[in-house]
Amino acid sequence: MDEMEIDREALLATFQAEAEEIFDRMEQALVALEVRPGDEELLHGLFRDAHTLKGSASLVAFDVVRDVAHDLEDVLERLRNRTLAVTDGLVTLLLRSVDVLRSAIAASSSGSAAPSDAVTSFRRELADAARGAAAPAQLPGAGAGPHEASPAAHAHGGGRTLRVDVTKLDRMLDLSGEIAIARGRLGEMLERHSASPQEILEAHRETDRLYLDLQELIMKARMVPIGPSFHQHVRTVRDVATAQGKQARLVVEGEDVEVDTAVVEYVRDPLTHMVRNAIDHGIEGPEVRRAAGKNPVGRVVLRAFHEAGAMVIQVSDDGAGLDRKRIAQKAAALGLTDAARPSDEDLARIVFEPGFSTAEKVTEISGRGVGMDVVRRNVEALRGSVSLESEEGKGTTVTIRVPLTLAIIQGFKVGIAGEVYILPLDAVIECIELPGEETAAGAAFGVVSLRGKPLPYLRLRRLFGTTGDAPARENVVVVQHGAHAAGIAVDALHGESSTVIKPLGTMFKGLPGVAGSSILGNGRVALILDVPGLLRETLRRAARDAAA
């Protein structure tokens with residue numbers, strides 16, 4: 001591969017990242033324009049974005065993208081000059097143009113130079129709109145063409161990028177230089193054998209301090225505001241509500257709250273499912289809302305805040321709330337509950353079950369029972385938890401809690417047959433000694449009394465099939481996930497430590513009870529335990545024994 005090819009790849013990656021930022025801004029501006037059609041600042045911003053995209057597309061020789069952006073400019077110019085009125089149909093057409101441009105970039109990146117029939121047809125629609133012909137009042141997602149692809153379809157394409165303040169990069173470079181000097185000094189001391197143990201220890205501590213400073217700075221550089229991810233759902237709210245004949249608006253709170261960029265990527269899909277569900281199952285039609293004394297325009301709130309070292313994200317709506325009676329009937333039919341009126345805790349358990357849905361028929365938005373199941377699985381993959389609250393006639397709030405970072409956690413090390421395992425410290429409540437009779441029994445599962453309350457526990461040694469004799473004294477680590485708690489019986493407790501998470505290889509992905517791995521100070525590998533998975537297994541066995 002020659003230098004020109006390498007430069008073009010870098011140029012394309014930059015173009016794709018900047019184009020996605022432009023598309024996000026345009027979607028938000030177009031939805032806002034529907035509410036404020038006379039806002040000149042919005043129109044000027046849209047025109048600038050279309051012009052920038054046209055120029056950038058020319059630079060990378062994406063002619064199809066350039067031509068569509070040029071046609072879009074013509075329509076926006078008419079809007080700026082007030083020779084064309086802002087209508088719902090025209091806004092829908094302009095939003096479709098963003099989808100067409102996304103698809104055109106994907107096609108051009110794959111080597112396709114000629115416009116597709118769908119792109120050619122869409123350009124004619126833009127030309128008609130620029131001449132003043134009525135824009136088709138086509139609902140989002142209707143019809144054929146490249147806009148059928150999900151707006152997020154290409155969001156994960158290309159290389160991952162992150163903008164970092166140059167001053168932070170300068171400080172990282174300074175710290176790496178200081179670490180190199182400190183390592184050299186330490187190495188020299190060890191080679192000449194003349195330095196005292198105290199001097200070597202001091203040199204090691206200095207290197208360690210510099211390393212921790214660099215680690216902290218890198219973690220801060222990875223932190224990004226959650227706001228841009230929230231605002232991407234402005235389009236989702238508008239499109240889903242329009243498709244169902246409803247009215248809804250998105251309210252964002254806590255958009256300046258920062259979180260690791262990897263967490264932002266992982267919560268994108270769960271947020272989409274929750275926002276769509278809020279409109280589909282929560283927000284009522286305008287006439288129903290008026291009859292109930294509500295504003296005909298529904299309200300979906302995306303809220304973020306920090307709490308006890310975690311990021312909390314809430315999706316709230318002011319709709320009808322969950323129909324507990326209907327959920328109970330459907331859950332009873334599926335054998336999920338026998339309660340006539342489920343509690344919020346039962347609701348959360350039922351709604352997030354795979355395949356559960358109360359929809360009468362399958363639509364593009366709901367009915368297959370996979371949305372909320374995806375939310376739970378994705379959140380738990382982040383070592384997070386999800387809960388639900390609902391009040392009839394007033395709305396529903398779904399709350400997810402996820403770690404601020406995925407790279408490093410505070411872990412609690414435990415031992416089984418000489419091997420070390422790690423539990424996320426934020427899931428550990430306390431440690432107790434396993435009663436002698438339970439140790440002697442050596443069962444894979446049991447129940448102990450914790451301050452007068454039954455606590456089911458799972459013996460990790462038996463779950464993992466570890467060989468060797470069990471110790472005379474075992475301990476139980478009490479862990480909690482959401483509203484549930486259980487115990488994990490282990491041989492030894494080694495205490496807490498900062499843990500750098502390493503992903504499992506493809507061969508070990510999906511291994512029950514294991515979420516990742518870490519390298520210990522002695523060079524050995526320690527597995528990081530999957531607390532939600534272990535807790536579900538423990539509670540499942542407890543329920544089975546209780547039923548028996």
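Since we're looking at a predicted model, the values are computed, not measured.
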Could you tell me the separation between the [atom1] atom of [X] and the [atom2] atom of [Y], rounded to the nearest 0.5 Å?
X: L322; Y: E392; atom1: CG; atom2: CD; answer: 10.0 Å
X: L42; Y: L33; atom1: CG; atom2: CG; answer: 6.0 Å
X: I313; Y: S229; atom1: CD1; atom2: OG; answer: 8.5 Å
X: D49; Y: E21; atom1: CG; atom2: CD; answer: 10.5 Å
X: H233; Y: L271; atom1: NE2; atom2: CG; answer: 4.5 Å
X: H281; Y: D317; atom1: NE2; atom2: CG; answer: 11.0 Å

Compare all side-chain heavy atoms of [X] with those of [Y] and state whether any distance is below 4.5 angstrom.
X: I218; Y: M172; result: yes
X: D99; Y: R235; result: yes
X: V259; Y: V267; result: no
X: I283; Y: Q244; result: no
X: I400; Y: M274; result: yes
X: M219; Y: D260; result: yes
X: R238; Y: T92; result: yes
X: F62; Y: L53; result: no

Any side-chain donor near an acceptor of the partner, Q28 and D24, under 3.5 Å: no
Distance-only side-chain donor-acceptor flag, R78 / T83, under 3.5 Å: yes
Within the distance-only criterion (no hydrogens, no angle test), does the side chain of [X] pair as donor or acceptor with the backbone N or O of [Y] below 3.5 angstrom?
X: H306; Y: E258; result: yes
X: E255; Y: F230; result: no
X: K294; Y: K394; result: no
X: S121; Y: D117; result: no

Looking only at heavy atoms, what is the nearest atom pair of [X] and [Y], with distance?
X: R401; Y: S387; result: NH1-OG, 4.2 Å
X: N378; Y: P270; result: CB-CG, 3.5 Å
X: V275; Y: T236; result: CG1-CG2, 4.2 Å
X: L43; Y: P37; result: CD1-O, 4.5 Å
X: L101; Y: V65; result: CD2-O, 3.7 Å
X: I429; Y: V479; result: CG1-C, 4.2 Å

side-chain hydrogen bond (donor to acceptor under 3.5 Å, both in side chains) between Q16 and S109, intermediate numbers included: CA-CA 9 Å; Q16 288 168 337; S109 299; 2.8 Å; yes
Exceeds 12 heavy-atom contacts within 6.0 angstrom, atom NZ of K168: yes
Residues, nucleotides or ligands: over 12 heavy atoms within 6.0 Å of H51 NE2: no
Verdict with reasoning, D88 to E34, per side-chain contact (heavy atoms from CB on, under 4.5 Å): CA-CA 7 Å; D88 290 350; E34 201 168 26; 3.2 Å; yes
L94 and L76: CA distance, side-chain angles, deciding distance, side-chain contact (heavy atoms from CB on, under 4.5 Å) verdict: CA-CA 9 Å; L94 295 176; L76 292 171; 4.3 Å; yes
Lys/Arg N to Asp/Glu carboxylate O, E40 vs R80, below 4.0 Å: no
Test: D71 and R123 ion pair at under 4.0 Å: yes
Evaluation steps, side-chain contact (heavy atoms from CB on, under 4.5 Å), between R289 and D318: CA-CA 10 Å; R289 291 180 64 86; D318 63 350; 2.9 Å; yes
Test log, rule side-chain contact (heavy atoms from CB on, under 4.5 Å), inputs V31 and L250: CA-CA 10 Å; V31 173; L250 181 69; over 6 Å; no
